[in-house]
S.K.: 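This is the structure I want to talk about, given as structure tokens.
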Amino acid sequence: MINVLFAGHPSRWPIYQKPLQDAFAKAGLDAGLRTEFDPALVDYIVYAPNSPLQDFTPYTRCKAVLNLWAGVEAIVGNQTLTQPLARMVDFGLKQGMTEWVVGHVLRYHLDIDYFLARQSGEWEPKVPPLSRDRKVTVLGLGELGAATAVALAALGFDVIGWSRSAKDVPGVRCLHGDDLDTALTGAEIVVLLLPKTPATEDILNADRLALLAPGAAVLNPGRGALIDDDALLSALNSGRVGHATLDVFRVEPLPDDHPYWAHPNVTVTPHIASETRPETASEVIAENIRRSEAGEGLLYLVDRNLGY
Ligand code: NAP
């Protein structure tokens with residue numbers, strides 16, 4: 001019997017219990033799944049960084065910690081975590097993020113807000129450009145950034161992607177490393193899908209915002225710390241940036257008195273761009289346990305040095 005501890009947030013146990021058990025059965029795993037175990041008997045931990053479990057020291061037999069979230073910044077630096085850490089990559093996360101980004105890009109591209117705000121009787125044709133004449137830059141070409149960039153390119157947008165290492169993504173002009181400023185110059189819509197690491201914090205600062213096309217739109221479904229908030233507010237106030245749709249923030253929930261809430265050119269979504277879906281995520285967890293038990297390498301291992 002393989003002992004699997006569920007150590008996501010306790011409120012998530014009711015929605016994960018059955019999908020995980022079903023996925024274990026489907027994968028042919030003889031696994032017992034519980035929320036409490038003698039730590040010395042635990043083989044795998046299904047985890048989320050908002051779990052009460054923060055000290056991994058007693059889990060001496062644990063072969064892997066399997067994170068339910070894509071982002072790992074809140075756990076990757078935990079010194080008690082010496083076991084391999086895998087993060088979540090799955091169909092649901094990719095599909096959800098692609099839908100959120102494409103929807104908000106089209107909102108800007110088609111200037112949907114302009115038409116929503118018009119009075120009846122105002123007949124003033126204002127034709128949007130075709131997508132091929134709209135420059136969209138996606139920062140981060142990992143699982144979510146690449147899926148999103150491919151979808152935008154399939155719609156015809158002029159897509160540039162930027163990542164740490166060189167990439168080849170179909171339909172996307174891929175830049176990397178020192179080419180960040182090139183990637184941002186003249187961008188009309190910017191999508192941030194980088195992880196939060198020491199190297200990415202405040203990456204969208206005043207100097208880089210100044211490279212964007214006048215009135216550009218900023219979409220941040222990555223992490224709040226990627227943006228210098230004061231610089232973005234200043235760029236919004238001056239009109240340098242036309243609008244921002246922000247899903248993630250340095251402090252969540254976003255405090256009631258935060259200027260983003262009241263700003264007419266900011267749309268706040270409450271960290272819903274892409275939620276881990278229990279059904280698809282459970283299959284990934286089960287597959288990783290199966291692989292580990294079969295002596296195959298774990299999928300989606302986090303690089304502790306890079307922090308993602
Ligand atoms: P991923 O597969 O690890 O991809 C990360 C991408 O960022 C990679 O292309 C990586 O470059 C690039 N990158 C990292 N550090 C960089 C640096 N210093 N300079 C340039 N590029 C850098 O991650 P993912 O699964 O796509 O997820 C991305 C992020 O989305 C997560 O970390 C999380 O914060 C966020 N997220 C948000 C939600 C939501 O609901 N809002 C949901 C899920 C995830 P390389 O490819 O060269 O390594």
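Ligands are counted one by one from 1 in listed order, and the atoms in each one are counted from 1 as well.
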S.K.: Any Lys/Arg nitrogen of Arg208 or Asp181 sitting under 4.0 Å from an Asp/Glu carboxylate oxygen of the other?
M.R.: yes
S.K.: Give the atom numbers and elements of ligand 1 that come within less than 4.0 Å of a heavy atom of Trp162.
M.R.: 19 (N), 20 (C), 21 (N)
S.K.: Would Arg87 count as being in polar contact with ligand 1, using the rule that some N or O on each side must be under 3.5 angstrom apart?
M.R.: yes
S.K.: Minimum distance, heavy atoms only, to atom 12 (C) of ligand 1: which one of Leu194, Leu144, Val302 is it?
M.R.: Leu194
S.K.: Does ligand 1 come near enough to Lys167 that some N or O of the ligand is less than 3.5 Å from an N or O of the residue?
M.R.: yes
S.K.: Pick one of side chain, backbone, both or neither for how Thr200 approaches ligand 1, counting any non-hydrogen atom pair under 4.0 Å.
M.R.: side chain
S.K.: Using distance alone, decide if ligand 1 has a nitrogen or oxygen within less than 3.5 Å of any nitrogen or oxygen in Leu93.
M.R.: no
S.K.: For the 3.5 Å polar cut-off, considering only N or O atoms, please tell me whether Ala199 and ligand 1 meet it.
M.R.: no
S.K.: Based purely on interatomic distance, does Thr197 place a nitrogen or oxygen under 3.5 Å from a nitrogen or oxygen of ligand 1?
M.R.: no
S.K.: Verify the distance criterion only: is there a donor paired with an acceptor across the side chains of Thr267 and His243 at less than 3.5 Å?
M.R.: yes
S.K.: Checking contacts here: is it the side chain or the backbone of Glu275 that comes within 4.0 Å of ligand 1, counting heavy atoms only? Could be both or neither.
M.R.: neither
S.K.: For Phe37 together with Tyr59, are the ring centres under 6.0 Å from each other?
M.R.: no
S.K.: Any Lys/Arg nitrogen of Glu279 or Lys26 sitting under 4.0 Å from an Asp/Glu carboxylate oxygen of the other?
M.R.: no
S.K.: Is there a polar contact, in the sense of an N or O pair closer than 3.5 Å, between Ser274 and ligand 1?
M.R.: yes
S.K.: Report yes if some N/O of Arg164 lies less than 3.5 Å from some N/O of ligand 1; otherwise report no.
M.R.: yes
S.K.: For Val248, take its heavy atoms, then give the atoms of ligand 1 lying under 4.0 Å from any of them.
M.R.: 41 (N)
S.K.: List ligand 1 atoms under 4.0 Å from Ala70, heavy atoms only on the residue side.
M.R.: 43 (C), 44 (C)
S.K.: Of the protein's non-hydrogen atoms, which lies at the shortest distance from atom 28 (C) of ligand 1, and what is that distance?
M.R.: Leu193 O, 3.6 Å
S.K.: Knowing that exactly one of Arg87, Arg223, Lys196 qualifies, which makes a salt bridge (charged side-chain N to carboxylate O under 4.0 Å, His left out) with Glu73?
M.R.: Arg223
S.K.: The test is ring pair (Phe, Tyr, Trp, His ring centres under 6.0 Å); show your working for His109 and Phe157 and say whether it passes.
M.R.: CA-CA 10 Å; His109 172 60; Phe157 286 102; 4.9 Å; yes
S.K.: Can you tell whether the side chains of Arg290 and Glu287 come within less than 4.0 Å, N to carboxylate O?
M.R.: yes
S.K.: Given the rule in the ring pair (Phe, Tyr, Trp, His ring centres under 6.0 Å) test, do Tyr44 and Phe24 qualify, once you have shown the distances and angles that lead to the verdict?
M.R.: CA-CA 13 Å; Tyr44 298 93; Phe24 293 167; 9.0 Å; no
